[in-house]
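Below is one structure, written out as structure tokens; the observations come after it.
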There are 2 protein chains.
Amino acid sequence: MKIEDEIKQSKFESEFHKLTINVLFSGKWINDVMNQFHKQFDISSQQYNVLRILRGQYPKAATVNLISERMIDRMSNVSRLIDKLETKGLVERSSCKNDRRQVDIKITNDGLQLLKQIDVQQAQIMEKFNHLTTEEAIQLNNLLDKFRG
Amino acid sequence: MKIEDEIKQSKFESEFHKLTINVLFSGKWINDVMNQFHKQFDISSQQYNVLRILRGQYPKAATVNLISERMIDRMSNVSRLIDKLETKGLVERSSCKNDRRQVDIKITNDGLQLLKQIDVQQAQIMEKFNHLTTEEAIQLNNLLDKFRG
DNA sequence: GTACATTAAATGTATATACATATATTTGTA
DNA sequence: TACAAATATATGTATATACATTTAATGTAC
């Protein structure tokens with residue numbers, strides 16, 4: 001569906017103005033899709049993002065800082081996200097020996113299990129959302145990178 | 001900057017998975033840029049979006065429903081956004097004669113003035129952010145529309 | 001070693017958001 | 001007409017987010 005129709009606006013000041021709105025809208029759209037999907041697993045998309053980062057480090061631990069740097073949403077409050085995940089038993093904290101300011105965060109077996117469970121369904125659902133060829137996806141990735149400068 | 005570097009992730013499951021993250025990231029990125037910019041005018045990007053919609057209708061009034069349909073972020077609580085704008089004297093509410101359930105919302109002169117003031121600076125700033133040719137912008141708009149399906 | 005700046009993480013707080021529910025009005029229909 | 005269903009907006013509430021501040025540990029200059 002064209003962005004003009006999505007937000008019922010027929011005219012834009014320029015192709016670039018339209019693009020700004022299109023990027024904003026598409027970001028929110030995919031964010032909603034993901035949030036909706038993750039809800040059934042009782043985690044937010046941000047929490048999912050943290051779990052993915054921790055699995056990427058596994059079996060090494062990660063620090064709050066490392067997680068922040070790799071998150072899609074930089075503004076997130078990682079400490080409190082970790083609180084939530086810790087309460088659910090999906091991650092565990094332990095103080096870092098080398099630098100006692102830091103906190104080592106590791107994904108638990110339960111966390112890894114949950115991700116595995118999500119992976120399967122996510123792959124299926126993402127299939128349905130993929131309306132682009134690989135060529136087009138590459139092109140879109142490159143244009144978005146260039147858009148941000 | 002490539003998305004790989006933005007979130008320090010070198011590998012993605014597929015070009016499409018990377019794309020999902022790229023769209024999410026780019027949306028949040030432009031959202032942050034806009035929020036930061038609008039802050040100096042003491043309004044949020046959502047409030048700005050509402051003002052733009054109201055200017056588009058001017059001198060006609062708009063209803064809460066019409067605004068909702070045209071907003072970039074559909075999930076917004078338009079009633080409370082209008083509260084904020086009304087307090088600042090940028091919009092005014094009046095009950096609709098034809099249908100007393102509806103509320104007529106109109107941008108005030110102060111609201112129009114503020115938008116005019118924002119327009120000038122926004123155009124300048126957006127210039128700096130435009131790293132694409134018109135051809136590329138058109139292409140990116142089309143690919144995003146196709147991405148959402 | 002002491003003093004001061006820097007860094008890592010956590011916390012406080014105000015505002016924003018998501019989602020359910022309430023209130024008022026209108027519409028459709030028996 | 002009466003009464004249920006639908007619609008438009010507003011409100012209640014729990015959670016999330018943005019941003020400033022705090023606490024603790026480390027690094028650095030003297």
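Worth knowing before you read on, the calculation uses all heavy atoms, side chains too, and leaves out hydrogens, waters and symmetry mates. Numbers restart at 1 for each chain; the letters A, B, ... are given by sequence-line order, proteins then strands.
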**Prompt:** Do the side chains of B:Leu115 and B:Ile107 get nearer than 4.5 Å, heavy atoms only?
**Reply:** yes
**Message:** Are A:Gln46 and A:Met71 packed together at the side-chain level, in the sense that at least one heavy-atom pair is separated by less than 4.5 angstrom?
**Reply:** yes
Using a heavy-atom cut-off of 4.0 Å across all strands, would you classify [X] as base, sugar-phosphate, or nothing?
| X | value |
| --- | --- |
| B:Lys84 | sugar-phosphate |
| B:Thr63 | sugar-phosphate |
| B:Asn65 | sugar-phosphate |
| A:Asp99 | sugar-phosphate |
| B:Asp73 | nothing |

**Request:** Determine, for A:Arg148 against B:Glu6, whether the closest basic-nitrogen to carboxylate-oxygen distance falls under 4.0 angstrom.
**Result:** yes
**Item:** Carboxylate-amine/guanidinium contact B:Lys18 B:Glu4, below 4.0 Å
**Value:** yes
**Asked** Pick the nucleotide of DNA chain C nearest each of B:Leu81 and B:Asn98; which residue has the one closer to the 5' end?
**Response** B:Leu81
Give the nucleotide from the list [options] with an atom nearest to the side chain of [X].
| X | options | result |
| --- | --- | --- |
| B:Ser79 | C:dC19, D:dA10, D:dT7 | D:dA10 |
| A:Gln36 | C:dT17, C:dA9, C:dC19 | C:dC19 |
| B:Val64 | D:dA8, D:dA10, C:dA9 | D:dA10 |

Between [X] ([atom1]) and [N] ([atom2]), how many Å, whole number?
| X | N | atom1 | atom2 | value |
| --- | --- | --- | --- | --- |
| A:Lys28 | D:dA16 | NZ | C1' | 13 Å |
| A:Leu66 | C:dA9 | CG | C1' | 14 Å |
| A:Asn49 | D:dA16 | CG | C1' | 15 Å |
| A:Ile82 | C:dA9 | CD1 | P | 10 Å |
| B:Asp42 | C:dT15 | CG | P | 12 Å |
| B:Asp104 | D:dT9 | CG | C1' | 13 Å |
| B:Arg80 | C:dT21 | CZ | C1' | 12 Å |
| B:Asn35 | D:dC19 | CG | C1' | 13 Å |

**Message:** Can you classify the ring geometry of A:Phe129 versus A:Trp29 as parallel (below 30°), tilted (30 to 60°) or perpendicular (above 60°)?
**Reply:** perpendicular
**Asked** Looking only at side-chain N and O atoms, does B:Gln46 come under 4.0 Å of OP1 or OP2 in C:dT17?
**Response** yes
**Prompt:** Would you say A:Lys39 reaches C:dC19's phosphate, i.e. side-chain N/O to OP1/OP2 under 4.0 Å?
**Reply:** yes
**Prompt:** Counting only heavy atoms not in A:Lys2, do more than 12 fall under 6.0 Å of its NZ?
**Reply:** yes
**Request:** Using the closest heavy atom to pick a nucleotide of DNA chain D for each, name whichever of B:Gln102 or B:Asp32 lands nearer the 5' end.
**Result:** B:Gln102
**Message:** For a quick check, tell me whether the side chain of B:Arg100 and the base of C:dT25 share a donor-acceptor pair closer than 3.5 Å.
**Reply:** no
**Item:** Base of C:dT7 paired with side chain of A:Arg101 (donor-acceptor, under 3.5 Å)
**Value:** yes
